[in-house]
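Since we're looking at a predicted model, the values are computed, not measured.
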Amino acid sequence: MKKHSARVAPLSACNSPVLTLTKVEGDERPRDSPAPTETQMPAGVEAGGRAGHCCWKCSREQLKKFFWGVAVVLCICSSWAGSTQLAKLTFKKFDAPFTLTWFATNWNFLFFPLYYAGHVCKSTEKQSLKQRYRECCRFFGDNGLTVKVFFTKAAPFGVLWTLTNYLYLHAIKKINTTDVSVLFCCNKAFVFLLSWIVLRDRFMGVRIVAAILAIAGIVMMTYADGFHNHSVIGIALVVGSASMSALYKVLFKLLLGSAKFGEAALFLSILGVFNILFITCIPIILYFTKVEYWNSFDDIPWGNLCGFSVLLLTFNIVLNFGIAITYPTLMSLGVVLSVPVNAVVDHYTSQIVFNGVRVIAIIIIGLGFLLLLLPEEWDVWLIKLLMRLKVRKKEETAEGNGDIGSGLQSKHRRTRPSFAR
C-alpha cells in the first residue's frame, strides 16, 4: 500500500496551492491463493474482471473527488465574496481598513490549534501538542523556530500578508467590489511573471498571453470609469494588493519551498503571532493621530468585524487545506466565480454601471485567469487527443468501407446465375 504525504505552500488570499506528493513505499497486502475446492476461472476472464473492478474503483474515487471539489468551490466562492461584501458594509459604520486588517489577521493564530484538533480526531498515530509542534518546527531548519528564523523567514511574510489585505480592503473603499474582485484575479498572472523571472520557471506562451490579457483588462477597467482620480487610486490599490500576494507566494517558494499541512498551519499561526506582537502598535498610532478614529468602542460593529474575520479564516483554511480532498484547479475556480456573485450583489445594492468596456474588461481578465489554470503539458495532451481522434476517425472510415465492400460482395453472390446441369 502506498501512502501519500502532501506538501502545500501556505498562501495569502487568492493564491493557488503548490502541491508536491512524496510517495513512501510500504508493505504490500498478501495475496491469498485460491482454496483447492474453488474453481479456477480462465485467465482472460479473471484479468477482465480485475480491470473492470479497477476502472469502477477509479471512477468512483474521481467522482467522489469531483463532488468534494464542487463543495470546496462553493465554500471558497461564498466565503471570499461574503468577506468582500461584509467589508464594504463594515466601512459604512467603521472607516478603519488597517484596524480591520489587523483584527482579522489575529485570527490566523487559530490555524495550528485547529489543525492539531483535526490531527487528534483523524490520525491513527496521535502525538502530543508539544511533539507535533517540534516536528512541524523542523520545517524551518535543524534548529527549529529560533529568534533569527522568526525575523528572517517569518516576519517578511507577515508584512506581505498585512499589506496584501490592507491594500485590498482600502481599495474596497474607493471602488465597487466587482472591480476589486476581478482585478485581484490578476495576481495569478503576476505570480507567473515573477516565477519566470526569479525562479526561472518554464516559459509558456499561453501564460504570456494570459499576462497580457490581465494587463489589458486593468487598463480597460481604468478607462471604464473615465480615469477619475477616485477610481484610478482604487485600481492602483487593488493591483498593489495582487502584486504583494504574488510576491508572497514566489518568495515563499524561493526561501522555504513547500510545507506539509501541519507545517503550513504552524507557519500561518506564526504570522498571527507576529501580527499581535509587532503590528498592534500601528492601529494604536492611527487611532491617536485620528487617521482611523472612532468615538467609543460601543460604536464598533463587532458583529461585522467578527463575521468578516470568520469568513476570511474559512477562506484561507479551505484554500490551503482543501487540496487534500480535491483538485487545485477546481479550487482556483472558486475565486473567479466570486466575481459574478459580487456583480449581482453590486447590481442590487450600489449604482454600478456595467457598460461595454467594463464587461469586456471583466471577460478579458477572467479569460486570462482561466488560461493560467492550464497545466504545463497542456499542449502535449492536446496533440495526443487530436491524434487519437484522427486515428479513431480513420478506423471508423476503414470499417465503414469494409462493411460496404462486404455488402456488395454478398449481394453479387446472391444475384449471380447458377450454371448447374
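Not less than 6.0 angstrom separates the ring centroid of Phe267 from the ring centroid of Trp161. Aromatic ring centres of Phe261 and Tyr115: separated by at least 6.0 Å.
Although no hydrogens or angles enter the test, the distance criterion places a donor-acceptor pair under 3.5 Å between the side chain of Ser269 and the main chain of Ala265. Remark: side-chain polar atoms of Tyr168 are not paired, donor with acceptor, to backbone N or O of Val180 under 3.5 angstrom. Judged by distance alone, the side chain of Ser241 and the main-chain N or O of Leu237 form no donor-acceptor pair under 3.5 Å.
Contacts of Phe288 classified as side chain to side chain contact (heavy atoms under 4.5 Å, CB included), with partners at least two apart in sequence or in another chain: Ile284. A search for ring-ring contact (aromatic ring centres under 6.0 Å, His included) contacts involving Phe308 returns nothing, not counting sequence neighbours.
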Run the numbers on Ile270 and Phe112 for side chain to side chain contact (heavy atoms under 4.5 Å, CB included), then give the verdict. CA-CA 9 Å; Ile270 291 171; Phe112 190 73; over 6 Å; no

Criterion side chain to side chain contact (heavy atoms under 4.5 Å, CB included) on Leu163 and Tyr248, from CA distance to verdict: CA-CA 10 Å; Leu163 284 175; Tyr248 174 100; over 6 Å; no

Between Val318 and Ser79, does the side chain to side chain contact (heavy atoms under 4.5 Å, CB included) criterion hold? Intermediate values first, please. CA-CA 10 Å; Val318 177; Ser79 59; over 6 Å; no

Assess the residue pair Val238 and Ile172 against the criterion (side chain to side chain contact (heavy atoms under 4.5 Å, CB included)); give the C-alpha distance rounded to whole Å, side-chain angles, the decisive distance to 0.1 Å, and a yes or no. CA-CA 8 Å; Val238 71; Ile172 292 176; over 6 Å; no

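A 6.0 Å sphere centred on CH2 of Trp294 holds more than 12 heavy atoms belonging to other residues, nucleotides or ligands. Atom CZ of Phe67 sits in a sparse spot, with 12 or fewer heavy atoms from other residues, nucleotides or ligands closer than 6.0 Å. Within 6.0 Å of atom CZ in Phe103, more than 12 heavy atoms from other residues, nucleotides or ligands are found, so the atom counts as buried in its surroundings.
Applying the side chain to side chain donor-acceptor pair (under 3.5 Å) test to residues at least two apart or on different chains, the pairs with a partner in residues 95-113 are Asp95-Lys173, Thr99-Glu292, Trp102-Thr280, Asn106-Asn275. Among residue pairs with one or both ends in residues 350-373, those qualifying as salt bridge (Lys or Arg N to Asp or Glu O under 4.0 Å) are Asp179-Arg358, Asp225-Arg358; sequence neighbours excluded. Sequence neighbours left out, the pairs with a member in residues 127-141 that pass salt bridge (Lys or Arg N to Asp or Glu O under 4.0 Å) are Arg132-Glu135.
When only modelled atom types and interatomic distance are considered, Asp346 and Thr178 share a side-chain donor-acceptor pair under 3.5 Å.
When side chains are defined from C-beta on, Asn165 counts as touching Leu312, because their heavy atoms get closer than 4.5 Å. Between Leu313 and Phe111 there is a side-chain heavy-atom pair separated by less than 4.5 Å. A 4.5 Å side-chain heavy-atom check between Met244 and Asn187 finds every atom pair outside the cut-off. Side-chain contact check for Leu251 versus Pro156: every heavy-atom pair is 4.5 Å or farther apart.
Interatomic distance, Asn304 CG to Phe91 CZ, rounded to the nearest 0.5 Å: 10.5 Å. For the atom pair NZ of Lys249 and CG of Leu160, the computed distance is 14.5 Å after rounding to the nearest 0.5 Å.
Remark: of the listed residues Ile363, Ile364, Val357, Ile364 is the sole one forming a side chain to side chain contact (heavy atoms under 4.5 Å, CB included) with Ile360.
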Scan the side chains in residues 139-155 for donor-acceptor partners under 3.5 Å anywhere in the protein, sequence neighbours excluded, and list what turns up.
from: Thr146; atom 1: OG1; to: Val149; atom 2: N; distance (Å): 3.2
from: Thr152; atom 1: OG1; to: Lys148; atom 2: O; distance (Å): 2.7

